[in-house]
Amino acid sequence: MKILDKKSFQQDLLDWYDKEKRDLPWRRETDPYRIWVSEIMLQQTKVDTVIPYYNNFMEKFPTLQDLADADEDKVLKAWEGLGYYSRARNLHTAVKEVRDEYKGKVPDTEEDIKKLQGVGPYTAGAVLSIAYNVPAPAVDGNVMRVLSRLFTIYDDIGKAAAKNKFEQLIREIIAENRASDFNQAVMELGAVICTPTSPACLLCPVQKHCSAKEEGVQDLLPVKAKKKPPRTVHLKALVLQDENDRFLVEKRPDTGLLAKLWQFPYIEAAEETDEDIAAFAAEFGAAVEEEVNYYYDVKHVFSHLVWEIKVYRAEGKVDNIGSHQRLLTKDELKEFTFPVSHQKIMQSLEEE
DNA sequence: AACCCGGGGTT
DNA sequence: AACCCAGGGTT
């Protein structure tokens with residue numbers, strides 16, 4: 001392995017970052033709350049996807065106080081389509097904690113900030129370094145990829161032990177007085193140069209420091225165990241329209257998949273027959289039983305799950321709905337938060 | 001340590 | 001179709 005010339009590496013990396021860094025909305029901010037929101041949104045999510053959500057979120061919740069005081073449903077609505085909705089619920093919980101227990105000031109110590117809901121090792125380090133210039137490691141997938149190549153580390157980056165090793169490495173090589181820029185520079189490098197496939201080594205500002213490039217093994221790193229393929233679940237969803245052109249929807253449970261989001265009612269059933277969905281529709285009102293018609297299919301791929309949804313339409317009088325269910329007009333549907341899979345179902349209503 | 005939890009982009 | 005993810009919580 002190459003021995004890293006730390007000072008030279010830091011200078012090459014930071015010089016490149018100073019010159020080439022992308023102009024991103026949260027890089028124009030110093031408010032720790034805003035840095036925090038951006039880091040939560042950026043978990044498992046690309047910059048280009050996050051930007052419009054971030055801008056909209058800041059318009060709706062400009063300060064920590066605004067977010068803390070907001071209704072959870074409004075927060076979820078601002079997160080609609082971004083995925084991993086526990087991020088939004090945890091952020092909301094944590095922001096209220098900061099309002100009530102820290103006088104509205106985002107904690108600036110590792111000990112306190114890690115206590116906040118949804119703030120793990122990565123986000124703690126990211127907020128501390130970027131907002132407060134604290135030399136704490138912020139190790140995400142990008143950083144692990146860059147370091148695994150820089151030092152030819154063949155550990156499986158999916159393992160917890162590997163992450164600890166990378167955090168320790170960052171503590172050794174971080175530019176103490178420029179922690180914010182250093183951490184962002186490593187992530188930026190991973191995002192635009194040291195990419196997962198076909199890294200742009202010829203454009204890399206720290207190529208001369210890189211062990212993987214010297215040995216020609218950059219395409220073999222990082223090492224990562226393959227994930228299991230997602231399992232498929234067959235659903236039949238019911239778009240039930242009452243005599244006042246309102247649609248039956250329901251709120252999902254408080255925990256688990258897509259918690260607290262709204263959806264069209266569905267049953268889990270793979271059979272080709274329509275009897276089960278007709279019986280399901282009949283539960284909501286005697287008048288709808290004979291009008292259940294197969295409409296079309298929606299397929300939605302999650303990271304760990306595939307939904308194959310057969311969508312059925314029915315009309316009639318709806319007089320037996322539960323407390324978690326509502327009848328909403330087309331306009332009212334827009335105010336509620338739906339997972340993308342059910343937005344696809346809703347979209348078809350516009351194409352009539 | 002293994003599993004759960006979304007969604008979109010790239011190749 | 002297979003691959004990639006700017007992670008954290010729960011069990």
Side-chain angles (χ1 to χ4, degrees), chain A residues 21-22 24-27 35-54 76 79-91 93-94 113-127 129-130 137-147 156-164 166-167 170 183-192 194-199 219 221-233 252-261 263 299-307 337-344:
Chain A
K21 67 181 173 188
R22 291 169 293 176
L24 304 174
W26 44 90
R27 285 190 177 155
I35 304 296
W36 181 11
V37 170
S38 74
E39 289 302 333
I40 299 295
M41 286 186 170
L42 286 164
Q43 289 172 8
Q44 313 291 350
T45 313
K46 294 251 191 304
V47 164
D48 290 342
T49 303
V50 166
I51 287 174
Y53 281 92
Y54 176 82
L76 278 176
W79 211 270
E80 184 181 50
L82 202 49
Y84 286 115
Y85 298 93
S86 65
R87 293 184 296 173
R89 289 182 282 110
N90 289 339
L91 173 63
T93 300
I113 201 167
K114 277 186 179 168
K115 291 178 189 165
L116 299 172
Q117 194 73 14
V119 179
Y122 166 74
T123 308
V127 175
S129 61
I130 296 172
V139 174
D140 63 5
N142 273 328
V143 175
M144 288 193 283
R145 183 170 60 256
V146 169
L147 292 185
D156 179 353
I157 64 169
K159 304 289 186 188
K163 188 164 186 182
N164 293 334
F166 290 120
E167 286 179 352
I170 289 291
N183 279 345
Q184 291 187 78
V186 179
M187 291 189 267
E188 185 88 349
L189 191 69
V192 305
C194 196
T195 49
T197 57
S198 320
D219 290 328
L221 293 166
V223 174
K224 195 178 176 185
K226 291 196 193 307
K227 277 189 292 190
K228 297 191 301 185
R231 70 179 190 281
T232 299
V233 177
R252 294 178 61 89
D254 291 347
T255 58
L257 182 68
L258 303 167
K260 299 186 178 183
L261 271 61
Q263 65 184 8
K299 180 176 179 174
H300 189 78
V301 180
F302 300 89
S303 53
H304 59 302
L305 192 66
V306 179
W307 273 357
T337 308
F338 288 80
V340 168
S341 49
H342 284 251
Q343 289 177 44
K344 290 176 187 170

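Below, chains carry the letters A, B, ... as their sequence lines are ordered, and counting in each starts from 1.
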Residues A:Leu257, A:His304; criterion side-chain contact (heavy atoms from CB on, under 4.5 Å); working and verdict: CA-CA 11 Å; A:Leu257 182 68; A:His304 59 302; 4.3 Å; yes
Please lay out, stage by stage, how A:Trp79 and A:Leu91 fare under the test side-chain contact (heavy atoms from CB on, under 4.5 Å). CA-CA 11 Å; A:Trp79 211 270; A:Leu91 173 63; 4.2 Å; yes
Walk me through whether A:Arg231 and A:Leu305 qualify under side-chain contact (heavy atoms from CB on, under 4.5 Å). CA-CA 5 Å; A:Arg231 70 179 190 281; A:Leu305 192 66; 3.5 Å; yes
Take A:Arg27 and A:Gln184 through the test side chain to side chain donor-acceptor pair (under 3.5 Å) and record every step on the way to the result. CA-CA 10 Å; A:Arg27 285 190 177 155; A:Gln184 291 187 78; 3.1 Å; yes
In sequence, state the C-alpha distance, the side-chain angles, and the governing distance for A:Arg145 and A:Leu221, and then conclude on side-chain contact (heavy atoms from CB on, under 4.5 Å). CA-CA 7 Å; A:Arg145 183 170 60 256; A:Leu221 293 166; over 6 Å; no
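Rounded to a whole Å, the CD atom of A:Gln343 is 11 Å from the C1' atom of B:dG7. Distance A:Leu189 CG to C:dA6 P: 12 Å, rounded to the nearest Å. Per the geometry, NE2 belonging to A:His300 stands 13 Å off P belonging to B:dC5, to the nearest Å. With rounding to whole Å, A:Lys299 atom NZ is found 15 Å from B:dG8 atom C1'. At whole-Å resolution of the value, OH in A:Tyr84 and P in B:dG6 are 8 Å apart. Put simply, CE on A:Met144 is 13 Å from P on C:dC4, counting in whole angstrom units. Atom CG of A:Leu261 and atom P of B:dC5 are 13 Å apart (whole Å). Atom-to-atom, NZ of A:Lys159 to P of C:dG7 comes out at 18 Å; the value is rounded to the nearest Å.
Place A:Tyr122 and A:Ile157 on DNA chain C by their nearest nucleotides, and A:Ile157 ends up nearer the 5' end. Place A:Phe338 and A:Arg231 on DNA chain B by their nearest nucleotides, and A:Arg231 ends up nearer the 5' end. Nearer to the 5' terminus of DNA chain B, by closest-nucleotide assignment, is the contact made by A:Leu257 (compared with the other of A:Asp48 and A:Leu257).
Residues A:Tyr122 and A:Gln43 bring no donor and acceptor atom of their side chains to less than 3.5 Å of each other. Between A:Thr123 and A:Arg87, the side chains place no donor N or O within less than 3.5 Å of an acceptor N or O (distance only, hydrogens not considered).
A donor and an acceptor atom never sit less than 3.5 Å apart when one is taken from the side chain of A:Ser341 and the other from the base of B:dG6. You'll find a donor-acceptor pair under 3.5 Å spanning the side chain of A:Gln44 and the base of C:dG7, going by distance alone. Side-chain N/O atoms of A:Arg87 and base N/O atoms of C:dA6 include no donor-acceptor pair closer than 3.5 Å. Residue A:Thr49 places no side-chain atom within donor-acceptor reach of the base of B:dG8, judged by atom type and a 3.5 Å distance cut-off alone.
Comparing the same atom, P, in B:dG6 and in C:dT11 gives a spacing of 15 Å after rounding to whole Å. To the nearest whole angstrom, the two P atoms, one in C:dA6 and one in B:dC5, are 22 Å apart.
No engagement by A:Arg89 is indicated, since no non-hydrogen atom pair under 4.0 Å with the nucleic acid exists. Residue A:Thr45 is classed as a base contact, given a heavy-atom separation below 4.0 Å to a base. In this structure, A:Arg22 reaches the bases: a heavy-atom distance under 4.0 Å links it to at least one base atom across the strands shown. The residue A:Gly190 sits apart from the nucleic acid: no heavy atom pair falls under 4.0 Å. Counting any heavy atom pair closer than 4.0 Å across all strands shown, A:Ala191 reaches a base atom. Within the nucleic acid shown, A:Ser38 has no heavy atom closer than 4.0 Å to any nucleic acid atom. Nucleic acid contact for A:Leu305: none, since no nucleic acid atom lies under 4.0 Å from a heavy atom of the residue.
Under the 4.5 Å side-chain criterion, counting only non-hydrogen atoms from C-beta, A:His342 is not in contact with A:Leu258. A:Val50 has its side chain out of reach of A:Ser38: every pair of non-hydrogen atoms, C-beta onward, lies at least 4.5 Å apart. Considering only heavy atoms from C-beta on, A:Val127 stays 4.5 Å or farther from A:Val119 through its side chain.
In this structure, of C:dG7, B:dG7, C:dA6, it is C:dG7 that holds the atom nearest to the side chain of A:Lys163. Of the candidate nucleotides C:dG8, C:dA6, B:dG7, C:dA6 has the atom lying nearest to any side-chain atom of A:Arg27. Listed candidates were B:dG6, C:dC4, B:dG8. Nearest to the side chain of A:Val340 is B:dG8. Checking C:dA6, B:dG7, C:dC5 against the side-chain heavy atoms of A:Lys224 singles out C:dC5 as nearest. Checking B:dG6, C:dG8, C:dC5 against the side-chain heavy atoms of A:Lys46 singles out C:dC5 as nearest.
B:dC5 is paired with C:dG7 under the criterion used here, namely a Watson-Crick or G-U wobble arrangement in which both key atom distances are under 3.5 Å. In a base pair of the Watson-Crick type (N1 to N3 plus N6-O4 or O6-N4) or a G-U wobble (N1-O2 and O6-N3), with each distance short of 3.5 Å, B:dT10 is matched with C:dA2.
Distances shorter than 4.0 Å separate none of the side-chain N or O atoms of A:His304 from OP1 or OP2 on B:dC4.
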Distances under 3.5 Å between protein N/O atoms and the N/O atoms of nucleotides 9-11 of chain C, please, pair by pair.
{"unit_1": "C:dG9", "atom_1": "OP1", "unit_2": "A:Gly118", "atom_2": "N", "d": "2.6"}

